[in-house]
Amino acid sequence: MVDLSLLAAFVVAIFVLSITPGPDMMFIVAMGGRGGSGMGVMAAAGVACGMLVHACAAALGLSALFGALPVLYHVLRWLGAAYLLYLAIRAFRDRSVPGDEDDAAAGADGRSGPRPRRAFWQGMVTNLLNPKVIMFNIAFLPQFVDPGRGHLPLQLLLLGITGVIVGFCVDGSVGLLSGRLSRALRRSRRLARGLNIFSGTVFAGLAVRLAATPR
């Protein structure tokens, strides 16, 4: 259904884009550094689910609505900026040390508390509220579709799922590695506070970047 040469070129292109530091990667680094490897991987999983939703929307043609109705793009852009600003404020106000909340939230059976789930939803919402991802799918995915093979929605969906898998492999690895920073932070509240400030600065910077660049 999909031209294998185009698929191979797409995998290379999406891998290069995935390893290039961007908003999603910075978000995952911030979450992993603050909460540990589990938080980083769950944030990456949330971002991947957001990408999967975008891929399905592109395959169904829903993403084209943003080209026809620019107001939807701007509404989503401001919602995304507001959510990132909310995360920044929370990070600036956080005085905890990575691991404290996890230990407190863990039950007698040793199961983890709600923090990883929260990281997952925050990663997903942050990605879904980024209209640039939608515009990227509109501009990027069709370049690797062969109209002569037909089934255009299925081709777009397959490309989108492939991109999600490659992206999660990269982002999950980044979240896992960045989470190791929290081990050192458990021994120093000063370092923990510094990373919270760094995380807040990252979130605030992403909010400003999203709000200040219309397209």
Side-chain angles (χ1 to χ4, degrees), residues 2-59 63 80 83-84 87 91 98 112 115-145 155-185 195 198-199 201-203 205-207 209-210 213:
V2 177
D3 185 278
L4 293 181
S5 61
L6 287 176
L7 182 60
F10 175 78
V11 170
V12 173
I14 205 68
F15 176 76
V16 171
L17 290 173
S18 296
I19 63 175
T20 302
D24 285 339
M25 184 178 290
M26 292 301 294
F27 176 84
I28 292 166
V29 168
M31 294 297 289
R34 289 181 65 205
S37 298
M39 290 277 284
V41 173
M42 288 301 288
V47 169
C49 283
M51 290 295 296
L52 182 59
V53 173
H54 286 306
C56 292
S63 297
Y83 183 70
L84 286 168
L87 294 180
S112 60
R115 291 194 72 203
R117 291 196 299 271
R118 189 168 65 207
F120 172 86
W121 288 112
Q122 287 177 347
M124 184 174 180
V125 171
T126 299
N127 185 268
L128 287 176
L129 292 180
N130 187 352
K132 293 183 180 298
V133 179
I134 299 173
M135 301 306 294
F136 170 81
N137 284 328
I138 294 176
F140 187 71
L141 292 182
Q143 299 181 41
F144 299 90
V145 169
Q155 289 192 58
L156 288 170
L157 182 60
L158 180 58
L159 290 172
I161 292 175
T162 302
V164 169
I165 294 173
V166 174
F168 176 71
C169 289
V170 173
D171 290 340
S173 299
V174 170
L176 188 64
L177 293 175
S178 65
R180 295 184 179 180
L181 291 174
S182 65
R183 296 179 182 176
L185 299 180
L195 188 55
F198 167 76
S199 300
T201 302
V202 169
F203 296 148
L206 293 176
R209 181 176 181 272
L210 186 58
T213 53

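When all heavy atoms of A43 and F27 are compared, the pair lying nearest together is CB-CE2, 4.1 Å. Shortest non-hydrogen contact noted between I28 and G40 is CG2-O, 3.6 Å. Residues G50 and L128 approach most closely at O-CD2, 3.7 Å, considering heavy atoms. Residues P116 and M42 share a closest heavy-atom pair of O-CB, 3.4 Å. Across all their heavy atoms, A55 and G160 have their closest contact at CB-CA, 3.6 Å. Here the shortest heavy-atom pairing between S18 and G167 reads OG-CA, 3.7 Å.
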May I have the step-by-step check of side chain to side chain contact (heavy atoms under 4.5 Å, CB included) for C169 and F15, ending in yes or no? CA-CA 9 Å; C169 289; F15 176 76; over 6 Å; no

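N127 places a side-chain N or O within donor-acceptor distance of the main-chain N or O of M51, the cut-off being under 3.5 Å.
Take A8 and apply the side-chain contact (heavy atoms from CB on, under 4.5 Å) test, not counting sequence neighbours, and it matches no residue.
A 4.5 Å side-chain heavy-atom check between T162 and L7 finds at least one atom pair inside the cut-off. Between I161 and I165 the shortest side-chain heavy-atom distance falls below 4.5 Å. A 4.5 Å side-chain heavy-atom check between V29 and V174 finds at least one atom pair inside the cut-off.
To the nearest 0.5 Å, atom SG of residue C49 and atom CH2 of residue W121 are 8.0 Å apart.
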